[in-house]
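What follows is a short report on a single structure.
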Amino acid sequence: MDTTTEILHDFFPMFRVLKCGQIERLMGNDIVPASVDLATGVRSKDVTINSSSGVSARLYVPKSVDAGHKLPLLVYFHGGAFVIQTAFSPDYHTHLNNLVAEADIIVVSVDYRRVPEHPLPIAYEDSWEAVNWAASHSSGNGQEPWLNDYADFQRVFFAGDSAGANISHNLAIRVGLETPDSFNLEGIVLVHAYFWGKEAVGGEPVEPENRAYINKLWLYTSPGSSGLDDELINPGSDPRISSLGCKKVLILVAEQDLLKHRGLYYKELLGKSGYGGKIEVVETKNENHVFHLFNPTTDNAASLVKSFASFMNQGK
């Protein structure tokens, strides 16, 4: 028997790991070049953050922008269970073009290193490095002109979907503990956040067979973790949650998404923790996990983008 094609771990529909060690990513492999988007006029370009590790980002600016008018800066972390998708995926490129046009912001979309080639917590460290790289432009003397000229470092946001929302939360905790003076983290946006835990919360399934996929996924991507109640995946296990280093939080959930219950639980946790910021939840009816990436032209996807943009522009 040819053992090179035998499956060791099957995480269909996202990826499989073969016994020979090869990983087969079943989705999220396509990439599109940076460009001027014909529909929105949004411009994008790619930059290298660390040439040794390969950490990079795609930057976006609106069609009309000038150095005399600084824009809110969004640092975005893509989803994909830490394994699939990149910052250069057509799904994220379309979504961020639409968001930049709607919100009138500048975006740094981070391309961190992925599991299994780079097990967690490397994605978190790469993402933190990207945040600090962006912040190094706060004096106007960084290496990237778009950040020097257009970014308002007193109005910085973190956001992401699924695993990227998880990263956003964990980095916001780090901001709260380290209180950097080079930028002000105004808020975070968690879209269909990938949080989990050993015990079910809310309306999550309690049957082991129904929890097995996500249980196995986390333990595979983070082999050195303490398990399903690791603080990185379960904010309820983190005594530092009240130290979240931003003034407001937007939690976006989808009615048919299994992870919805974790998003609602996250709001409950923050409310009980002593966190003093504003917490807002928006639920999209009749939709599933990251629907807006797969169907960006629907009314519900447009509504999600508007909610995201409105949150960032409150108080401008």
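Keep in mind that the numbers below use all heavy atoms, side chains included, and drop hydrogens, waters and symmetry copies.
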*asked:* Are Val107 and Phe88 linked, directly or through intermediate hydrophobic residues, by side-chain heavy-atom contacts shorter than 4.5 Å (ILVMFWY only)?
replied: no

Would a hydrophobic clustering, with Ile, Leu, Val, Met, Phe, Trp and Tyr connected at side-chain separations under 4.5 Å, put Leu259 with Val281?
yes

| More than 12 heavy atoms of other residues, nucleotides or ligands under 6.0 Å from NZ of Lys216: is that the case? | yes

Residues Ala172 and Ile188: closest non-hydrogen pair is CB-CG2, 3.9 Å

**Asked** Got a donor-acceptor contact below 3.5 angstrom from the Arg155 side chain to the Lys70 backbone?
**Response** yes

Please tell me whether His78 and Tyr112 form a close aromatic pair, meaning their ring centres lie under 6.0 Å apart. yes

inquiry  = Does any part of the side chain of Val110, heavy atoms only, come nearer than 4.5 Å to the side chain of Val75, both counted from C-beta?
reply    = yes

Q. Any side-chain heavy atom of Leu74 sitting closer than 4.5 Å to one from Val156?
A. no

With a 4.5 Å cut-off on side-chain heavy-atom distances among I, L, V, M, F, W and Y, is there a chain of contacts connecting Met14 to Leu26?
no

Q.
Ring centres under 6.0 Å, that's the criterion: do Tyr60 and His93 meet it?
A. yes

Looking at Lys247, I want to see if its NZ is surrounded by more than 12 non-hydrogen atoms of other residues, nucleotides or ligands under 6.0 Å. yes

What one should report as the nearest heavy-atom pair of Leu217 and Ala81 is CD2-CB, 3.8 Å

Has Lys45 got more than 12 heavy atoms of other residues, nucleotides or ligands less than 6.0 Å from its NZ? yes

Query raised in the report: Pro62 versus Leu71: any side-chain heavy-atom pair under 4.5 Å?
Result: yes

Tell me if the aromatic rings of His169 and Tyr266 count as close, with their centers under 6.0 Å from one another. yes

- With distance as the sole test, does Asp230 use its side chain to make a donor-acceptor pair with the main-chain N or O of Ile233 at under 3.5 Å? no

Check step by step if side chain to side chain contact (heavy atoms under 4.5 Å, CB included) holds for Asn184 and Phe153. CA-CA 6 Å; Asn184 171 58; Phe153 288 91; over 6 Å; no

dist His9:NE2 -> Lys19:NZ (nearest 0.5 Å) comes out at 10.5 Å

CZ (Phe157) and CE (Met312) are apart, to the nearest 0.5 Å, by 5.0 Å

- Query: Counting only N and O atoms by type, is there a donor-acceptor contact under 3.5 Å from the side chain of Ser273 to the main-chain atoms of Leu270?
  - Reply: yes

- Message: Is there a path of hydrophobic side-chain contacts, each under 4.5 Å between heavy atoms of I/L/V/M/F/W/Y residues, joining Ile31 to Phe294?
- Response: no

Shortest non-hydrogen pair, Asn286 vs Gln256, comes out as CA-NE2, 3.5 Å

Closest non-hydrogen atoms of Gly79 and Ser162, given as atom of the first, atom of the second and distance, are CA-CB, 4.4 Å

Tell me whether Asn50 contacts the main-chain N or O of Val55 through its side chain, where contact means a donor paired with an acceptor under 3.5 Å.
no

message: Working note: Leu59 + Ile106, criterion side chain to side chain contact (heavy atoms under 4.5 Å, CB included); need CA distance, chi angles, decisive distance, verdict.
response: CA-CA 7 Å; Leu59 275 57; Ile106 181 170; 5.5 Å; no

Are Ile7 and Phe12 grouped together when hydrophobic residues (ILVMFWY) are joined by side-chain heavy atoms under 4.5 angstrom apart?
no

Worksheet item: Are Val253 and Thr284 close enough that some pair of their side-chain heavy atoms sits under 4.5 Å apart?
Response: no

* To do: Any chance you could lay out the side chain to side chain contact (heavy atoms under 4.5 Å, CB included) test for Asn148 and Asn141, step after step, and finish with the verdict?
  => CA-CA 6 Å; Asn148 291 334; Asn141 297 312; 5.6 Å; no

Flag the pair Glu6 and Arg16 as a salt bridge only when some basic side-chain nitrogen lies within less than 4.0 angstrom of an acidic carboxylate oxygen.
no

* Are Tyr220 and Phe11 close enough that their ring centers fall under 6.0 Å? -> yes

Checklist entry - Taking the side chain as C-beta and beyond, is there a heavy-atom pair between Val175 and Pro180 under 4.5 Å? => result yes

**Report entry** Side-chain touch Val36/Val42, heavy atoms, less than 4.5 angstrom
**Finding:** no

Asp91 and Leu293 have their tightest heavy-atom pair at OD1-O, 3.7 Å

(message) How about CG on Asp181, more than 12 heavy atoms from neighbouring residues, nucleotides or ligands closer than 6.0 Å, or not?
(response) no

- Glu204/Arg262 salt bridge by N-O under 4.0 Å criterion: yes

Parallel, tilted or perpendicular: ring planes of His95 versus His292, cut at 30 and 60 degrees
perpendicular

Exercise for review: Show your reasoning for whether salt bridge (Lys or Arg N to Asp or Glu O under 4.0 Å) applies to Glu231 and Arg240.
Suggested key: CA-CA 9 Å; Glu231 295 168 357; Arg240 309 166 303 165; 3.7 Å; yes

Just by modelled atom types, is the Gly197 backbone N or O under 3.5 Å from a matching donor or acceptor in the Arg211 side chain? yes

Problem - Arg114 vs Arg25, side chain to side chain contact (heavy atoms under 4.5 Å, CB included): CA-CA, chis, key distance, verdict - result: CA-CA 11 Å; Arg114 301 177 299 178; Arg25 290 181 169 91; 3.5 Å; yes

Rounded to the nearest 0.5 angstrom, the CD-CG distance for Glu283 and Leu264 is 6.5 Å

d(Lys63 NZ, Asn97 CG) to nearest 0.5 Å is 13.0 Å

OG1 of Thr221 to CD1 of Ile122, rounded to nearest 0.5 Å, is 12.0 Å

TODO: Could you label the plane-to-plane angle of the Trp133 and His137 rings as parallel, tilted or perpendicular, counting under 30° as parallel and over 60° as perpendicular?
DONE: perpendicular

Under 30°, 30 to 60°, or over 60°: which ring-plane class applies to Tyr76 and Tyr92, parallel, tilted or perpendicular?
-> tilted

| Hey, is the main chain of Tyr194 close enough, under 3.5 Å, to the side chain of Asn166 for a donor-acceptor pair? | yes

query: Under the 3.5 angstrom rule, does the side chain of Ser310 hit a backbone N or O of Ser307 as a donor-acceptor pair?
result: no

Separation between CZ (Phe308) and CD (Glu102), nearest 0.5 Å, reads 12.0 Å

Taking Gly176's backbone N and O only, do any of them form a donor-acceptor pair with Thr179's side chain (distance below 3.5 Å, no angle check)? no

Q.
Determine whether the aromatic ring centres of residues Phe82 and Tyr124 are separated by less than 6.0 angstrom.
A. yes

Lys248 NZ: over 12 foreign heavy atoms closer than 6.0 Å: yes

Within the side chain of Asn132, is there an N or O that forms a donor-acceptor pair under 3.5 Å with the backbone of Trp128?
yes

If you measure only the distance, is there a donor-acceptor pair under 3.5 Å linking the side chains of Thr40 and Asp37?
-> yes

_More than 12 heavy atoms of other groups within 6.0 Å of Glu199 CD_ = no

message = Taking Glu268 first and then Lys272, would you say they form a salt bridge - that is, a charged N and a carboxylate O separated by under 4.0 Å?
response = yes

Minimal heavy-atom distance between Leu228 and Asn234, with the atoms involved, is O-CB, 4.0 Å

Any side-chain heavy atom of Pro235 within less than 4.5 Å of one from Leu269? yes

Worksheet item: Is it true that a side-chain atom of Ser127 and a backbone atom of Ala123 form a donor plus acceptor pair closer than 3.5 Å?
Response: yes

Electrostatic pair Asp229-Lys198, nearest N-O below 4.0 angstrom: no

